[in-house]
Amino acid sequence: MRRHRLLPLCAILGVLFAGLLPKLDAQEDTSSKHQVFSFEDCAQGLAADIYFLVDSSRSMGEENFKHVRHFLYSMIKALHQVGGGRFKFALVQYNSRPETEFQLNSYPTTQGVLAHIEAMSYRGGGTRTGLGLDFLIRTHLTTASGSRAGDGVAQVVVVLTDGRSQDDVAEPAQVLRLAGVEVFAVGVQDAVDSELREMASQPHETHVFSVDSFLTLRDIIQDLVVGLCGAVTQSGGSPVANEAPVAGGGTGNKMGPVSLPY
């Protein structure tokens with residue numbers, strides 16, 4: 001019997017998004033081998049709640065999970081640098097069962113989020129992506145967990161998986177879409193493209209990402225940040241005041257280049 005149940009949509013209703021991309025200037029710093037890029041008016045000053053749902057099944061392994069941590073660290077740092085305190089972050093790690101790493105309101109600054117990711121442990125287990133999505137909806141997309149959907153703030157989910165799910169992803173993904181949540185799907189190695197598309201928002205060209213190895217996750221950070229900024233911009237959601245900046249991050253709408261440590 002299918003365990004998923006559709007939630008009352010009023011708890012997580014947002015505005016439906018599309019994929020309008022902001023301007024991006026990119027260049028390669030060949031001397032330091034750092035990827036460097038800059039954004040103009042990322043999300044046009046709008047706020048966003050960004051939820052990461054991350055596979056840590058046994059097929060991944062401890063060594064590959066180090067690349068996942070590096071990807072998450074660099075991704076969140078880049079998003080904070082272009083979005084400042086307007087962007088809040090939450091993370092759920094899933095395998096045979098999902099577990100909260102941190103909620104939107106767990107840390108007062110992004111520096112706490114980054115420190116948590118650096119110390120995050122690998123779990124192992126099965127691949128129940130559907131259960132992870134359902135857990136995210138029920139546990140994180142709520143006012144008590146820090147969601148600002150009720151204030152018109154854009155809600156964005158990023159799913160990362162390395163294989164076929166052992167359960168159904170269609171129903172919880174439909175709940176997210178009907179609620180106006182923007183979903184990005186990132187597949188690594190043996191992830192199934194049709195399943196990624198089943199989870200992701202339209203257009204799939206800007207919401208589905210596939211890489212052949214965990215090491216090359218770093219290569220999609222630029223495009224994924226652009227896509228997230230574009231989704232938030234297109235949502236037309238609510239602007240909010242910035243927090244004080246943390247070390248290495250800005251709070252303004254415009255900023256200089258973001259350097260990723262690769």
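Residues take their numbers from the sequence shown, with the count starting at 1. Note that the structure is a prediction, hence the values are computed from the model and not measured. Heavy atoms only: backbone and side chains are in, while hydrogens, waters and symmetry mates are out.
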If you apply the rule side chain to side chain contact (heavy atoms under 4.5 Å, CB included), what do you find for L141 with Y51, and how did you get there? CA-CA 9 Å; L141 290 166; Y51 309 84; 3.2 Å; yes
Can you list every ring pair (Phe, Tyr, Trp, His ring centres under 6.0 Å) pair that touches [range], not counting sequence neighbours?
| range | value |
| --- | --- |
| residues 148-179 | none |
| residues 159-188 | F184-H207 |
| residues 148-175 | none |

Any side-chain heavy-atom pair from [X] and [Y] closer than 4.5 angstrom?
| X | Y | answer |
| --- | --- | --- |
| V54 | V92 | no |
| R164 | D190 | no |
| F89 | L79 | yes |
| S145 | L104 | no |
| Q155 | E182 | no |

Counting N and O atoms only, with roles assigned by atom type, does the side chain of [X] sit under 3.5 Å from a partner on the main chain of [Y], one being a donor and the other an acceptor?
| X | Y | value |
| --- | --- | --- |
| S57 | G125 | no |
| D168 | A170 | yes |
| R148 | A48 | yes |
| H80 | T110 | no |
| T139 | L136 | no |
| Y122 | G61 | yes |
| N105 | A144 | yes |
| T216 | D219 | no |
| E118 | V113 | no |

[atom1]-[atom2] distance between [X] and [Y], expressed to the nearest 0.5 angstrom:
| X | Y | atom1 | atom2 | answer |
| --- | --- | --- | --- | --- |
| R197 | H204 | CZ | NE2 | 6.0 Å |
| L53 | F135 | CG | CZ | 9.5 Å |
| S121 | E62 | OG | CD | 8.0 Å |
| H70 | F214 | NE2 | CZ | 15.5 Å |
| M199 | R177 | CE | CZ | 10.5 Å |
| E101 | S56 | CD | OG | 8.0 Å |

So among D162, T161, T127, N64, which one has a side chain to side chain donor-acceptor pair (under 3.5 Å) with S59? D162
Mind running side chain to side chain contact (heavy atoms under 4.5 Å, CB included) on L217 and V68 for me, showing each step along the way? CA-CA 8 Å; L217 278 170; V68 171; 4.3 Å; yes
Could you walk me through whether T233 and Q44 pass side-chain hydrogen bond (donor to acceptor under 3.5 Å, both in side chains), step by step? CA-CA 6 Å; T233 299; Q44 297 186 1; 5.0 Å; no
In terms of hydrophobic clusters joined by side-chain contacts under 4.5 Å, are [X] and [Y] together?
| X | Y | value |
| --- | --- | --- |
| L72 | Y107 | yes |
| F65 | V211 | yes |
| I220 | I117 | yes |

Shortest non-hydrogen separation from [X] to [Y] and the atoms involved:
| X | Y | value |
| --- | --- | --- |
| V169 | E195 | CG2-CG, 3.8 Å |
| V188 | S213 | CG1-C, 3.7 Å |
| F87 | L46 | CE2-O, 3.6 Å |
| L196 | A185 | O-CB, 3.5 Å |
| P172 | L133 | CB-CB, 3.7 Å |
| D55 | G163 | OD2-N, 4.3 Å |

Side chains of Y94 and T129, donor plus acceptor under 3.5 Å: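 The criterion, which ignores hydrogens and geometry beyond distance, is satisfied for T129 and Y94.
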Using a distance-only test with no angle check, is there a side-chain donor-acceptor pair under 3.5 angstrom linking S147 and H140? no
Look at R128 together with D167 and state whether they make a salt bridge at an N to O cut-off of under 4.0 Å.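 Salt bridge: yes.
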Between E99 and R123, does any side-chain N to carboxylate O distance fall below 4.0 Å?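 Salt bridge between E99 and R123, a charged N being under 4.0 Å from a carboxylate O: yes.
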Hey, mind stepping through D193 and S210 against side chain to side chain contact (heavy atoms under 4.5 Å, CB included) and telling me if it holds? CA-CA 8 Å; D193 185 69; S210 296; 4.3 Å; yes
Quick one, M120 with L91, criterion side chain to side chain contact (heavy atoms under 4.5 Å, CB included). Give me CA distance, side-chain angles, the key distance, then yes/no. CA-CA 11 Å; M120 188 168 65; L91 193 150; 3.8 Å; yes
